[in-house]
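Worth saying up front: this structure is predicted, and the values here are computed from it rather than measured. Each residue takes its place number in the sequence, starting with 1. Atoms within each ligand, like the ligands themselves, are counted from 1 in listed order.
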Amino acid sequence: MVDDLQTKRGWNFENSYSHLPQKLFTKQAPEPVENPKLVILNKALSEELGLDVQYLKSTGLNVLVGNSIPEGAYPLAQAYAGHQYGYFTMLGDGRAILIGEHITPKGERFDIQLKGSGRTPYSRGGDGKAVLGPMLREYIISEAMYKLGIPTTRSLAVVTTGENILRERILPGAILTRVASSHIRVGTFQYIYHYGNIEDLRLLTDYTILRHYLEFISDDDKYFLFLKGVVHRQAKLIAKWQLVGFVHGVMNTDNMLISGETIDYGPCAFMDIYNPNTVFSSIDRYGRYAYKNQPKIAAWNLARFAESILPLLHNEQEKAMKIANEAISDFEKIYYKYWLKGMRKKLGLFGEEPEDEAIIIELLNIMEKYKADYTNTFRELTIGKLSSANIYNSSEFIDWSEKWKERLNKQNESKEESKNLMKMNNPSVIPRNYRVEEALSAAVENNDYCKLQGLLDVLSNPYEYSVEQEEYAKLPPQSHIPYITYCGT
Ligand code: AMP
Ligand code: MG
């Protein structure tokens with residue numbers, strides 16, 4: 001059924017991806033849903049996309065569950081490959097349908113993808129479905145990331161389908177509408193490199209440059225610059241994760257977007273106590289994707305990306321490898337530059353002094369030793385009101401504070417300016433795992449969305465330092481430690 005009212009309601013679909021080589025996708029309509037019920041709609045995002053909120057809540061709901069296909073859309077499932085926990089495998093959208101690319105009134109292009117809308121040729125043994133809890137979890141965390149200023153895919157809506165889905169028990173089925181600059185992954189390039197020819201690879205690469213790295217399109221060295229651009233954006237992204245204590249949990253190459261946005265909110269979580277070895281995911285037994293490993297893993301994934309575009313970098317393989325290595329080896333220093341810059345801001349430091357690095361590292365070491373909460377330590381240093389946490393009574397911390405103060409006194413900026421810089425860079429609230437669980441369980445078990453709404457409200461302004469946020473800054477009760485996450489299915 002074509003929704004003929006859609007043009008009036010703001011949808012403005014194109015489907016440029018469907019013009020790429022056929023290998024890259026399979027035309028696939030979402031599976032219709034019998035009893036759709038909107039449980040959450042992102043009004044701010046609807047407006048940014050130029051969509052009518054009232055329409056989305058009524059007839060527009062049909063688009064959000066795939067019962068109605070807007071004009072200009074061309075639903076498809078994307079093929080991709082990926083290294084999962086280091087092993088190469090063939091993947092693809094097993095439970096997601098890209099319905100098309102929506103062009104906003106400002107002319108920006110966003111993929112509109114329905115996650116949980118039925119089986120595709122890439123589903124393998126899966127049912128192609130998604131359940132309510134994990135979709136709400138993706139909604140909360142992706143929106144929190146966005147508000148923290150971290151590039152990410154976003155969530156437009158979660159709709160229950162009325163279906164009962166069998167997981168470890170029967171759970172309510174749901175569909176998440178995911179909005180992304182694109183869903184082109186490192187794994188998309190790995191797929192075309194393995195299963196396509198060089199012409200296919202060139203078409204995908206030129207398409208991606210046009211879509212995300214337009215500044216390089218006319219350059220003779222566009223493929224090298226593209227690779228460097230991807231490295232740069234990833235380095236910047238991972239630095240942002242590290243600075244807020246975000247652990248992605250499943251940094252497989254299929255979960256890394258070429259646009260530089262964060263994707264796949266499965267087993268991710270924010271670190272409470274500062275511990276570089278933090279791992280939340282139940283299946284990450286060897287800590288491959290631990291907090292401290294994220295930069296290294298990103299560089300490893302980027303090396304897999306570089307390998308996939310090697311034939312475009314130079315005709316001679318050896319020369320191509322040299323070019324690729326040059327780009328990849330930049331990762332570490334770009335990452336470190338962003339991380340250091342961010343850490344200076346977290347401590348209210350303007351300018352650059354030779355002792356900055358030592359001051360930052362010393363604090364992190366003390367935090368680790370005294371099992372200090374990552375977010376709250378920076379929060380308390382920002383407001384200048386230290387809690388009763390052990391760390392603050394330690395001689396190490398007292399010595400460190402002296403060094404920090406000395407450094408602050410060196411700069412011309414006032415205390416107030418320093419404090420403001422810290423406020424802008426240390427969130428006063430993050431999606432604490434126990435708060436997220438509490439909100440999800442009320443929603444899923446009791447159909448009560450008050451806690452979820454309350455959480456989304458405080459997370460919508462994470463640098464506000466408001467009174468309401470104080471409650472949400474509280475540490476988890478002992479019963480919630482350790483926190484374990486599961487791959488959201
Ligand atoms: P993820 O862990 O979310 O990155 O998923 C890995 C792969 O499994 C992706 O290709 C997904 O599309 C696929 N997948 C996850 N859950 C399902 C499901 N319920 N049915 C079919 N495919 C799935
Ligand atoms: Mg994934």
For D254, the atoms of ligand 1 under 4.0 Å from one of its heavy atoms are 4 (O)

_Measuring centre to centre across the rings, with the benzene-like ring taken for any Trp, is F226 within less than 6.0 Å of F216?_
no

Please output the side-chain donor-acceptor pairs of residues 30-40 that fall under 3.5 Å, not counting sequence neighbours, one pair per line with the distance.
| residue | atom | partner | partner atom | Å |
| --- | --- | --- | --- | --- |
| E31 | OE2 | K129 | NZ | 3.0 |

The reported gap from CG in L201 to OH in Y193 (rounded to nearest 0.5 angstrom) is 9.0 Å

Quick check: does G92 get an N/O under 3.5 Å from an N/O on ligand 1?
yes

Notebook entry, point to check: ligand 1 and Q84, any nitrogen or oxygen pair closer than 3.5 angstrom?
Noted result: no

Could you check whether F189 and F305 have their ring centres less than 6.0 Å apart?
yes

Handout entry: Charged N-O contact under 4.0 Å between E438 and K474
Key = no

field: Distance-only N or O hit between ligand 1 and Y80, under 3.5 Å
entry: yes

Task: R124, any N or O under 3.5 Å of ligand 1 N or O - done: no

The expected count of protein N/O/S atoms at less than 2.8 Å from the Mg ion (ligand 2) is 2

Atoms of ligand 1 under 4.0 Å from any heavy atom of R167, numbered from 1 in the order shown, are 19 (N)

Could you say whether the N/O atoms of G128 and ligand 1 ever approach to under 3.5 Å?
yes

| query | Between D284 and S281, is any side-chain donor less than 3.5 angstrom from a side-chain acceptor? | reply | no

If we number the atoms of ligand 1 from 1 as shown, the ones under 4.0 Å from a heavy atom of K129 are 19 (N)

Ligand 1 atoms nearer than 4.0 angstrom to some heavy atom of G126 are 20 (N), 21 (C)

side-chain contact (heavy atoms from CB on, under 4.5 Å) filter on I103, not counting sequence neighbours, yields N12, E14, R109

| said: Below the 3.5 angstrom mark, is there an N/O of N255, backbone or side chain, next to an N/O of ligand 1? | reply: yes

* Do we see a donor-acceptor contact under 3.5 Å between the side chains of K292 and N277? -> yes

**Message:** If only side-chain N and O atoms count, and only distance matters, is there a donor-acceptor pair under 3.5 Å linking H212 with S182?
**Reply:** yes

Residue pairs meeting ring pair (Phe, Tyr, Trp, His ring centres under 6.0 Å), one or both in residues 84-112, sequence neighbours left out, come to W11-H102, H83-F88, Y85-Y289, F88-H194

task = Would you check if there is a donor-acceptor pair between the side chains of Y483 and E437 at a distance under 3.5 Å?
result = yes

At under 4.0 Å between heavy atoms, what of R119 touches ligand 1? The answer is neither

